[in-house]
Amino acid sequence: MARKIMGVVLAAGASRRFGARDKLAARSGGEAALVLRAAKTLRGLGLPRRAGITRGHRLPKELRGAGLDLLCIGPGRAQSASLHRAIRAAHASGASHLLIVLGDMPNVSRAHLRQLLATPGPHPGMATSEGRLAPPALIPRRLFGAALRLTGDRGAGALLRRAPDLRRISLPPGTLHDIDRPDDLREAPR
């Protein structure tokens, strides 16, 4: 059976550690907003559906023209709510897999995502760099139900780490650098 992969950018975090500004709207390396850079990595991968999970209708300005369906979860929701929204959308679209990209990881490129998508078969996949296992991640449909049972501020990481058939995709140092504070943005490799 051919794989039908839905790509999603998770962009519903509260950015509390970033200060008053929304980190996902911040420019990275003089380029586009963080969230737009993440959205652009999903282009050209042959994904039949791409979506962005947001907490409200404030981010569409940065995502306009990115070709994403915008799916809002509302403010004040736990991290697992973003994952649940993405899983439900992937399930409804008949996707065999869900590709998760985080909106605050500016060093993940389209080439890195292609490596992850090259994981054969029905297996889950996750990126690894410098001893860290983190998104981007590929979740097969058989794990959708288990992902929907996750609660609180937990993503799919723990679930995927327990999968005996997890494919670990090695990425270069610095690739999984995420932006939580303004200093992280200034120190981000370019």
Side-chain angles (χ1 to χ4, degrees), residues 1-14 24 35 38-39 41-43 45-57 59 63 66-105 108 110 112-129 131-171 175-176 178:
M1 180 174 115
R3 295 193 308 175
K4 179 181 174 187
I5 301 170
M6 178 178 168
V8 68
V9 176
L10 297 184
L24 296 174
V35 70
T41 65
L42 293 177
R43 289 183 184 164
L45 295 175
L47 304 176
R49 183 171 184 206
R50 300 182 320 253
I53 308 295
T54 65
R55 67 182 168 280
H57 296 284
L59 282 179
L63 292 172
L68 300 180
D69 297 328
L70 294 174
L71 308 172
C72 299
I73 63 165
R77 304 284 306 274
Q79 183 180 358
S80 58
S82 292
L83 178 62
H84 294 170
R85 185 67 176 98
I87 292 287
R88 284 188 197 103
H91 187 270
S93 73
S96 65
H97 291 75
L98 176 66
L99 172 64
I100 292 179
V101 176
L102 300 186
D104 66 352
M105 285 185 153
V108 173
R110 187 174 298 119
H112 297 138
L113 297 181
R114 281 192 180 108
Q115 282 181 256
L116 188 61
L117 293 175
T119 302
H123 309 289
M126 225 171 156
T128 182
S129 180
R132 179 178 175 209
L133 194 60
L138 188 62
I139 303 173
R141 187 177 188 89
R142 68 180 167 82
L143 294 178
F144 286 2
L148 287 172
R149 290 189 292 276
L150 296 171
T151 59
D153 282 329
R154 293 177 28 201
L159 173 68
L160 295 177
R161 284 180 188 93
R162 289 191 306 266
D165 61 339
L166 176 66
R167 303 299 193 248
R168 297 166 190 260
I169 308 306
S170 183
L171 299 181
T175 304
L176 301 181
D178 61 341

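- The main-chain N or O of Arg43 is found under 3.5 Å from a side-chain atom of Arg110 such that the two form a donor-acceptor pair.
- Rounding to the nearest 0.5 angstrom, the gap separating the OG atom in Ser82 from the CG atom in Leu102 is 10.0 Å.
- Under the side-chain contact (heavy atoms from CB on, under 4.5 Å) test applied with Thr41, the options Val9, Leu99, Leu113 reduce to a single match, Leu113.
- Using a 4.0 Å cut-off between a side-chain N of Lys or Arg and a carboxylate O of Asp or Glu, Asp69 and Arg49 qualify as a salt bridge.
- Interatomic distance, CG of Leu83 versus OG1 of Thr151, reported as 11.0 Å (0.5 Å rounding).
- The shortest distance between side-chain heavy atoms of Arg161 and Met126 falls below 4.5 Å.
- To the nearest 0.5 Å, the span separating CD1 on Ile139 from CD1 on Ile5 amounts to 12.0 Å.
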Start with the C-alpha gap between Arg141 and His91, add the side-chain angles, then the distance that decides, and say whether side chain to side chain donor-acceptor pair (under 3.5 Å) holds. CA-CA 7 Å; Arg141 187 177 188 89; His91 187 270; 3.1 Å; yes
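- Contact between Met105 and Pro135 at its shortest, heavy atoms only, is SD-O, 3.3 Å.
- Using a 4.5 Å cut-off on side-chain heavy atoms (C-beta onward), Leu176 and Leu171 make contact.
- For the pair Leu47 and Met6, the minimum side-chain heavy-atom distance is 4.5 Å or more.
- Side-chain atoms of Pro136 and Leu116, non-hydrogen and from C-beta on, do get closer than 4.5 Å to each other.
- With a 4.5 Å cut-off on side-chain heavy atoms, Leu166 and Leu133 count as touching.
- Here the side chains of Thr175 and His112 are in contact, with some heavy-atom distance below 4.5 Å.
- Atom-to-atom distance recorded for Ile169:CD1 and Arg167:CZ is 9.0 Å, nearest 0.5 angstrom.
- A donor-acceptor pair under 3.5 Å links the side-chain atoms of Arg3 to the main chain of Leu117, judged by distance alone.
- Among all heavy-atom pairs drawn from Leu68 and Ala51, the shortest one is CD2-N, 3.8 Å.
- In this structure, the side chains of Leu10 and Ile100 come closer than 4.5 Å at one or more pairs of heavy atoms.
- Side-chain contact check for Pro124 versus Asp165: some heavy-atom pair is nearer than 4.5 Å.
- Taking NE2 of His97 as the start and CZ of Phe144 as the end, the distance is 8.0 Å to the nearest 0.5 Å.
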